[in-house]
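First the proteins, then the strands, lettered A, B, ... as listed; each starts at 1.
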2 protein chains.
Amino acid sequence: MEHTVTAVGVIDKAARVLAAVEERPLDLAALMVATGLPRATTHRLAVSLEGHGLLRRDPEGRFAPGLRLIALGRAAARALHLPEVARPALEALRDDTGESTQLYVREGDRRICVVSLESPHGLRTIVPVGASLPLDAGSAGHLLTGALDPTDGWVESVGEREPGVASVSAPVRSDDGQVIAAVSVSGPIDRIGAHPGTTHGPAVATAAARVEAALGRVSSDGPSSL
Amino acid sequence: MEHTVTAVGVIDKAARVLAAVEERPLDLAALMVATGLPRATTHRLAVSLEGHGLLRRDPEGRFAPGLRLIALGRAAARALHLPEVARPALEALRDDTGESTQLYVREGDRRICVVSLESPHGLRTIVPVGASLPLDAGSAGHLLTGALDPTDGWVESVGEREPGVASVSAPVRSDDGQVIAAVSVSGPIDRIGAHPGTTHGPAVATAAARVEAALGRVSSDGPSSL
DNA sequence: GAGCATAGTCCCACATGATGAGACTCTGGC
DNA sequence: GCCAGAGTCTCATCATGTGGGACTATGCTC
């Protein structure tokens, strides 16, 4: 795997250690293999990261991501101001399509609605801000697992989360390709049809791209999979 | 502010940089002041961290926590297996008190229920796993803001989240004192009274301590505020 | 219980990578 | 147009990180 090289070699190595344990906790030997570093170096870096709470030992003594990363991850999400930054694009999407629009972010194995704008139609989908929904139902949920990489830039679902409701979603990605949010349009099948992506997909993808642009510089100058 | 010193000075400095931007984004000058590092050093470390996605520039060019931290924070939360590890303690608490018990974690400015065990009583509070609730109502919400440090080890609330419902919560902390979850007992005021902490507080605090113990080595050997 | 392989930890001579003062360019305020 | 201070970059210096190997601990096999 390609590794980012910067002007500070120790940080490069430390980043490799953090990346190595992201998938699953590793003992020292496995961490050596995963990072390609000599044992003494691996040990010294891991213990230093542990000292700062960036790694921890699980009950089996293996190295795992540390709890400081939870707090720092929260700080990163907070600093993004995603709901505020995304709102204009979702308003335009609501006005353009006439349907309810939402923005979801992933939290653990669920998704949380962080922006919700309702359609003027009498019959409309209503998702309150703060609503917690599963990942395995609805177009936004599928996107937020990161397992989909839609070639058209959007995915649709029909009747998955709720009978009679269809939705289209597009991913908001960081510069390194990670899905950080999903923009959605949703409405009754009777009005938006069984293939809402055909009609609304491009507009949803455009809104997601606008959110990405509005976020400005997001994440590193590192390798991008976009 | 005291800084952790380990065997790798560059990681010590990088951790200071990450800590400095946790509260709010900082430009280079402010980051110098916050970390006490010379400008060239600060710049070089910040750009290297940015290269790995651990920092990013916000639209004003200030350094902020990077999006890799969101993914790593998720990995840290996942590796903890908190719901599974906490379940036995919550079962014992439910059996001991006869009331519904829950475990909440913080997500942004809300809290999510990750374990929910219901009382055998016909009249009982029901919070589904996955429920997303605000932080400003209910004992668990107050705890998860991190602003409370209850001397008795628990806090109670009455009728805040829902009329007729009272609750007691105790914090689950990492070794460095951060609140990572809240253990709660909740039930109708008519049965558990207007001061449920008097009756159930010690048991809730004990359950939280059991969860902490069950987590084993959690976070660093760094300075503890406990 | 002995033997062995491999885990984790630590030491230290040495090579090299990080340091930081200062030079340089850019930008915004006056 | 001037200036202060932002951000970026260079490079001589030396302090630090490196990594081979020694050591201890642990778990497994016989």
d([atom1], [X]; [atom2], [N]) in whole Å:
X	N	atom1	atom2	result
Asp58(B)	dA6(D)	CG	P	16 Å
Leu31(B)	dA6(D)	CG	P	12 Å
Met32(A)	dT9(C)	CE	C1'	14 Å
Leu49(A)	dG17(D)	CG	P	13 Å
Asp27(B)	dT27(C)	CG	P	16 Å
Leu45(A)	dA18(C)	CG	P	11 Å
Ile11(A)	dT18(D)	CD1	C1'	17 Å
Leu37(B)	dA18(C)	CG	P	15 Å

Can you confirm whether the side chains of Ser186(A) and Gln102(A) place a donor and an acceptor under 3.5 Å from each other?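 Present: a donor and an acceptor within the cut-off.
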Below 4.0 Å: OP1/OP2 of [N] and any side-chain N or O of [X]:
X	N	answer
His43(B)	dG7(D)	no
Arg44(A)	dT18(D)	yes
Arg57(B)	dA6(D)	no
Thr41(A)	dT18(D)	no
Lys13(A)	dT18(D)	yes

Salt-bridge present (Arg57(B), Glu50(B); N to O < 4.0 Å):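 Salt bridge between Arg57(B) and Glu50(B), a charged N being under 4.0 Å from a carboxylate O: yes.
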Using the side-chain heavy atoms of Leu28(B), tell me which of these nucleotides is nearest: dT19(C), dG7(D), dT18(D).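 Per side-chain heavy atoms of Leu28(B), the pick is dG7(D).
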Here's a test of your reading of the structure: between Phe63(B) and Arg39(A), which maps to the more 5' nucleotide of DNA chain D?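 Nearest-nucleotide comparison on DNA chain D picks Phe63(B).
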Give the intermediate values and the outcome of salt bridge (Lys or Arg N to Asp or Glu O under 4.0 Å) for residues Arg78(A) and Glu23(B). CA-CA 10 Å; Arg78(A) 187 170 64 243; Glu23(B) 189 93 0; 5.9 Å; no
Using side-chain heavy atoms (C-beta onward) and a distance below 4.5 Å, is Leu69(A) in contact with Leu18(A)?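 Yes. Closest side-chain heavy atoms under 4.5 Å.
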On DNA chain C, nearest-nucleotide positions of Val10(A) versus Ala40(A): which is more 5'?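 The answer here is Ala40(A).
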Quick one: side chain to side chain donor-acceptor pair (under 3.5 Å) partners of Asp12(B), sequence neighbours excluded?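 With sequence neighbours excluded, Asp12(B) shows a side chain to side chain donor-acceptor pair (under 3.5 Å) to His52(A), Thr6(B), given in chain and number order.
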